[in-house]
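Working notes for the structure below.
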Amino acid sequence: MTDTTAATWLRAFATAVLDAEDRLTALDQAAGDGDFGANIAGAVRFTLADLDALAAGAAEDEVISAAASAFLDRVGGTSGPLFGLLFQEFAAATRQAGGFTTAALAAGASAGLAAIQRVGEAEVGDKTLVDALSPAADALSALPDDTPLAEAFAAAARAADEGARSTADVRARRGRASYVGDHAIGVVDPGAVTVGLLFAAGT
Amino acid sequence: MTDTTAATWLRAFATAVLDAEDRLTALDQAAGDGDFGANIAGAVRFTLADLDALAAGAAEDEVISAAASAFLDRVGGTSGPLFGLLFQEFAAATRQAGGFTTAALAAGASAGLAAIQRVGEAEVGDKTLVDALSPAADALSALPDDTPLAEAFAAAARAADEGARSTADVRARRGRASYVGDHAIGVVDPGAVTVGLLFAAGT
Amino acid sequence: MSPYFAASPDALVDDALAGFALAHADLVRLVPDPGYVTAVAPAPTRVVGLVSGGGSGHEPLHAGFVGAGLLDAACPGRVFASPHNRQVYAASKAVAGPGGVLHVVKNYTGDKINFAIAAERLQHDGIRCARVLVDDDVATDSADIAVGRRGTGATAVLEKLLGAAADTGADLDALVALGERVVAGSRSIAVASAAHTSPATGAPAFDLPAGEVEYGVGIHGERSGRTRPLGEVADLVRDMTGELLGSLGLAPGERVIALVNGLGRTTPMELYGIHRHFAAALADRGVVLERVLVGSVVTALDMRGFSLSATRTDDGLTALWDAPATAPAWKA
Amino acid sequence: MSPYFAASPDALVDDALAGFALAHADLVRLVPDPGYVTAVAPAPTRVVGLVSGGGSGHEPLHAGFVGAGLLDAACPGRVFASPHNRQVYAASKAVAGPGGVLHVVKNYTGDKINFAIAAERLQHDGIRCARVLVDDDVATDSADIAVGRRGTGATAVLEKLLGAAADTGADLDALVALGERVVAGSRSIAVASAAHTSPATGAPAFDLPAGEVEYGVGIHGERSGRTRPLGEVADLVRDMTGELLGSLGLAPGERVIALVNGLGRTTPMELYGIHRHFAAALADRGVVLERVLVGSVVTALDMRGFSLSATRTDDGLTALWDAPATAPAWKA
Ligand SMILES: Nc1ncnc2c1ncn2[C@@H]1O[C@H](COP(=O)(O)OP(=O)(O)O)[C@@H](O)[C@H]1O
Ligand SMILES: Nc1ncnc2c1ncn2[C@@H]1O[C@H](COP(=O)(O)OP(=O)(O)O)[C@@H](O)[C@H]1O
Ligand SMILES: [Mg+2]
Ligand SMILES: [Mg+2]
Ligand SMILES: [Mg+2]
Ligand SMILES: [Mg+2]
């Protein structure tokens with residue numbers, strides 16, 4: 001597919017999250033406080049409603065902005081605003097690039113990662129969504145700008161999934177999972193898993 | 001045995017109650033509020049301590065009075081004071097008879113039943129300890145005064161046990177078990193069972 | 001092995017009373033033998049001492065309501081067992097006023113017996129003594145139950161109203177009349193979705209299938225013999241409200257003081273959510289919700305459930321409800 | 001099928017807020033969108049608005065502490081999820097005084113992020129805004145935990161002291177200084193013998209063997225990785241007390257305000273019994289227990305457990321503690 005649009009991507013992401021909700025709840029329960037599934041599912045439901053409400057010919061960056069404000073302004077927890085910051089940067093990069101392109105995706109991922117780290121202070125290896133987003137951003141930056149968007153998403157998804165898997169091996173040092181010590185070992189981080197879903201949704 | 005004394009009787013009763021505590025708890029839990037075992041076990045523990053504290057040559061009626069005041073003045077719930085009233089009447093009848101005799105036992109049981117019914121207003125068939133005490137008192141009244149005490153106890157125990165068994169068939173109309181409706185059917189009343197233990201302890 | 005943080009059922013009660021007296025030394029005094037709690041600073045205007053009590057496991061009732069403007073003394077029994085008569089007798093002697101002492105008794109055989117024995121002893125000592133018996137639980141309003149309705153949640157409402165009335169200097173007869181009027185105008189109904197944990201066995205006192213509630217449960221875990229699917233909370237609350245109002249014969253425009261009461265394990269969020277539905281159900285029936293207390297005040301150890309109570313009120317009763325009181329579980 | 005009396009985790013929060021606002025209309029006002037509660041009658045002497053908030057499931061914290069002499073506003077998030085920044089922003093705008101607004105934030109990443117985003121928006125609007133971060137939980141005092149100690153029970157103590165200080169007309173800098181001093185002098189530790197029920201799954205959030213406690217549990221059910229036999233409650237409490245005092249470096253003769261806090265399912269009897277042991281353990285160490293609050297004020301849904309908190313005090317802080325306040329969960 002080369003006809004990934006911001007709207008198809010975000011709707012596919014929403015479907016994937018709603019399908020995975022129970023699994024994400026279980027992961028956050030094993031190593032956090034159990035609300036991740038509800039938080040992120042609530043967020044994508046708001047996003048779907050906001051997408052439905054959007055005018056027919058909305059520009060790609062406006063579509064992504066709608067997701068950003070759904071996450072930032074209507075969803076609490078840790079994950080809500082962090083994903084919101086990421087969408088905000090995707091929207092800005094898309095506006096800048098004049099379209100939802102591979103270059104915009106790459107630039108948005110890097111800027112989003114930076115924003116998330118500024119606010120949340122997590123490094124790679126702390127067992128957070130940064131462990132998935134950082135390699136995904138790297139993979140996207142390494143792609144030529146003319147890579148088809150769906151291929152770029154696929155590359156990012158591969159890197160994110162690998163990053164997410166790596167979170168199983170470590171103790172968390174950030175977020176709620178940091179309190180549970182060795183209980184978190186063997187459990188992948190739900191935020192990192194969701195970053196994988198986000199990129200896979202564009203393929 | 002013909003050497004049943006008030007003290008051997010009360011100590012045997014205490015042992016029987018402590019042995020049966022868990023079963024009595026379970027019965028009160030099935031058809032009441034679950035505290036009967038603890039209430040009655042607490043009562044016999046106080047009684048044992050008070051018997052230990054009694055002067056060596058205490059009269060039989062003083063021995064029984066000690067049990068009465070342990071039950072009446074130190075044990076709450078429904079069963080505590082009701083058994084206390086019963087012991088109070090056994091003590092009075094023993095004092096009157098000048099000894100712990102079959103006549104005293106019979107008179108005490110009848111007077112105790114009357115006191116319990118005055119205070120608690122239960123009739124036979126209401127699924128309370130009255131269902132065991134009433135036939136036991138009747139059985140005792142029917143005995144010749146010269147019946148050996150241990151035999152009198154045995155006759156009372158048989159009547160009480162049969163009365164206790166009959167409580168399984170009925171809905172309770174008095175006491176906590178009256179609220180549970182058909183849940184109590186099939187469950188014998190723990191207070192009635194304990195009346196059986198009380199008389200069996202004298203054999 | 002009981003999961004309660006206590007060495008034994010008896011330690012549960014005894015350590016609690018000791019810690020309670022430590023924490024509230026400004027308000028109450030504990031007499032460990034035979035076991036009662038008195039108010040440190042009752043209003044000097046009182047002429048009648050107010051005494052209540054009952055089995056433990058329902059905290060903050062009754063000891064939490066000992067204080068100025070409320071009870072003068074409370075006698076806590078063992079878990080779910082009424083106090084023995086010596087507790088009631090001694091507490092009553094300690095707080096009786098020149099006008100005597102009033103016993104507030106929940107309608108249970110054990111409580112009735114022990115308070116009655118104490119009352120005889122008091123009268124023998126020349127102390128005037130009367131009793132108000134609380135019987136608010138509609139679940140036990142049945143011809144099959146010879147002992148009549150149980151006393152439950154409305155006891156807290158009654159104690160507050162009597163406390164305020166006692167502070168006005170009301171005499172024993174006036175307090176009895178008031179108490180009987182409040183009792184006649186009070187009904188409660190309780191449901192549970194899980195039993196309390198028995199301190200004796202460490203196991204749930206009874207088992208319920210998931211998604212079912214025991215409709216009409218007692219505050220000692222007495223089963224009602226009626227279960228129903230939990231379903232929508234709003235529906236459950238509407239049905240419960242209907243029973244209260246039906247039993248009281250409340251007409252549209254009448255006013256109530258209400259209690260939304262947690263039985264132990266029910267969270268504040270649930271109770272307030274239940275109150276939302278309760279207020280709507282009362283409004284639908286045209287009943288005026290004049291005052292409400294939302295909280296776990298008459299509990300059943302760690303039962304997962306709640307009760308609703310309604311007490312018919314008027315300007316006079318509402319003023320008594322609003323009167324100041326300072327007790328460990330009541331400040332206003 | 002969740003055993004909670006609520007249609008869904010979201011309904012649990014939303015119905016609770018609606019019912020809370022109904023029950024306490026004399027004290028608080030609810031703004032359902034974006035979701036915050038404000039005090040009806042704050043002291044006119046205040047120049048700084050006091051705002052707190054956090055995930056729901058810890059009631060009565062924070063909304064129960066909105067009122068005169070306490071918080072001006074609270075922002076409840078979904079269950080165990082911090083409020084979103086728009087809630088905090090709108091609540092802060094609604095209650096900011098001429099001296100700005102102070103955020104009381106428990107140290108969790110989500111709370112920090114959302115309050116921080118709101119703070120940026122407030123500053124953008126020209127509203128002075130500062131933050132006091134509560135980090136009292138000694139169980140998370142570890143080099144392995146980059147985010148530092150969690151904020152737990154002592155939050156309730158801090159809110160009371162800051163509320164009383166705000167009523168004196170203290171400015172933002174003074175309140176921050178006071179808040180940081182209180183936080184530096186506060187420690188808590190929690191244990192659980194059974195997890196809370198997850199509203200999402202209806203199952204216990206984690207499993208513990210019978211007779212074991214999770215030592216150092218978090219108020220969202222975060223496991224500590226340390227279990228121990230429950231054993232004697234007195235021993236458990238003594239060990240917990242030792243950790244608090246050790247972490248605070250409290251010397252004999254120093255004074256504390258203490259909190260004995262139930263996590264949800266723990267009964268008042270257990271809490272008072274625990275207090276008995278706590279008071280004894282403090283006395284053994286020569287620490288003066290100046291004030292204590294015993295109750296379930298910072299909960300974790302229906303968790304079976306308790307926390308102990310100690311805050312170093314002096315005449316000034318104790319006077320702030322004693323100052324009058326009227327909120328749904330605090331009357332004195
Ligand atoms: N400091 C952080 N930086 C980036 N991501 C984080 C950080 N802390 C936690 N996360 C992510 O947030 C997720 C948890 O989100 P959520 O459950 O919504 O919040 P909470 O931890 O407040 O319950 C974790 O799986 C993790 O990926
Ligand atoms: N009205 C009554 N008259 C006589 N015995 C009664 C009456 N009510 C209850 N009982 C007896 O008391 C027993 C229960 O005692 P206990 O568990 O101590 O009291 P409670 O019912 O208050 O929990 C019952 O098994 C029954 O035999
Ligand atoms: Mg979480
Ligand atoms: Mg019983
Ligand atoms: Mg009982
Ligand atoms: Mg959370």
Side-chain angles (χ1 to χ4, degrees), chain C residues 1 3-7 11-24 56-57 59-60 64 79 191 193-194 202 210-211 230 232-234 236 260 264-279 289 292-294 296 299 301-302 304-306 328-332, chain D residues 1 3-7 11-24 56-57 59-60 64 79 191 193-194 202 210-211 230 232-234 236 260 264-279 289 292-294 296 299 301-302 304-306 328-332:
Chain C
M1 161 77 68
Y4 288 103
F5 292 104
L12 190 59
V13 176
D14 295 329
D15 286 341
L17 286 173
F20 177 79
L22 280 173
H24 302 293
S56 291
E59 292 66 31
V79 175
V191 298
S193 63
L230 172 48
E232 287 292 325
V233 181
L236 179 64
V260 177
R265 186 178 178 182
T266 313
T267 61
M269 280 201 290
E270 292 168 280
L271 294 180
Y272 282 115
I274 288 159
H275 175 54
R276 173 186 209 172
H277 303 307
F278 189 33
L289 176 59
V292 66
L293 175 61
V294 180
S296 294
T299 58
L301 290 172
D302 66 344
R304 194 194 276 283
F306 66 92
W330 198 300
K331 297 201 174 71
Chain D
M1 164 76 66
Y4 287 103
F5 292 104
L12 189 59
V13 176
D14 295 330
D15 287 342
L17 287 173
F20 177 78
L22 281 174
H24 302 293
S56 291
E59 293 66 32
V79 175
V191 299
S193 63
L230 170 49
E232 288 292 325
V233 181
L236 179 64
V260 177
R265 188 179 176 179
T266 313
T267 61
M269 280 201 290
E270 291 169 279
L271 294 180
Y272 283 114
I274 287 160
H275 176 54
R276 172 185 210 172
H277 302 308
F278 189 33
L289 177 56
V292 66
L293 175 61
V294 181
S296 294
T299 58
L301 290 172
D302 67 342
R304 196 195 273 282
F306 66 91
W330 199 301
K331 297 202 175 69

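D:Thr267 approaches C:Tyr4 most closely through the heavy-atom pair CG2-CE2, 4.0 Å. Of all heavy-atom pairs between D:Ala6 and C:Val233, the closest is N-CG2, 3.5 Å.
The candidate from D:His275, D:His24, D:Lys331, D:Met269 with the greatest count of non-hydrogen atom pairs under 4.5 Å with chain C is D:Met269. Counting heavy-atom pairs under 4.5 Å between each of D:Phe20, D:Trp330, D:Phe306 and chain C puts D:Phe20 at the top. Contact count against chain C (heavy-atom pairs under 4.5 Å) is highest for D:Ala23 among D:Gly305, D:Ala23, D:Ala18. Annotation: maximal heavy-atom pairing with chain D below 4.5 Å, among C:Gly19, C:Ala234, C:Ala11, occurs at C:Gly19.
D:His277 NE2 to C:Asp15 CG: the interatomic distance, rounded to the nearest 0.5 Å, is 4.0 Å. Separation of atoms CG (D:Asp302) and CD (C:Glu270) is listed at 7.5 Å; rounding is to 0.5 Å. Taken to the nearest 0.5 Å, the CG atom of C:Asp14 stands 8.0 Å off from the CZ atom of D:Arg276.
Seen from the ring of D:Phe5, C:Arg304 does not count as a face-on cation partner, given the 6.0 Å and 45° thresholds.
When heavy atoms are compared at a cutoff of 4.5 Å, D:Ser296 does not approach chain C at all. Residue contact with chain C, scored on non-hydrogen atoms closer than 4.5 Å, involves the side chain of D:Val79 exclusively. Interface residue D:Ser193: backbone and side-chain heavy atoms are both found under 4.5 Å from chain C. For D:Ile274, the part sitting under 4.5 Å from any heavy atom of chain C is the side chain, from C-beta outward, and nothing else.
When atom types are taken as modelled, the side chain of D:Glu59 and the backbone of C:Pro268 share no donor-acceptor pair closer than 3.5 angstrom.
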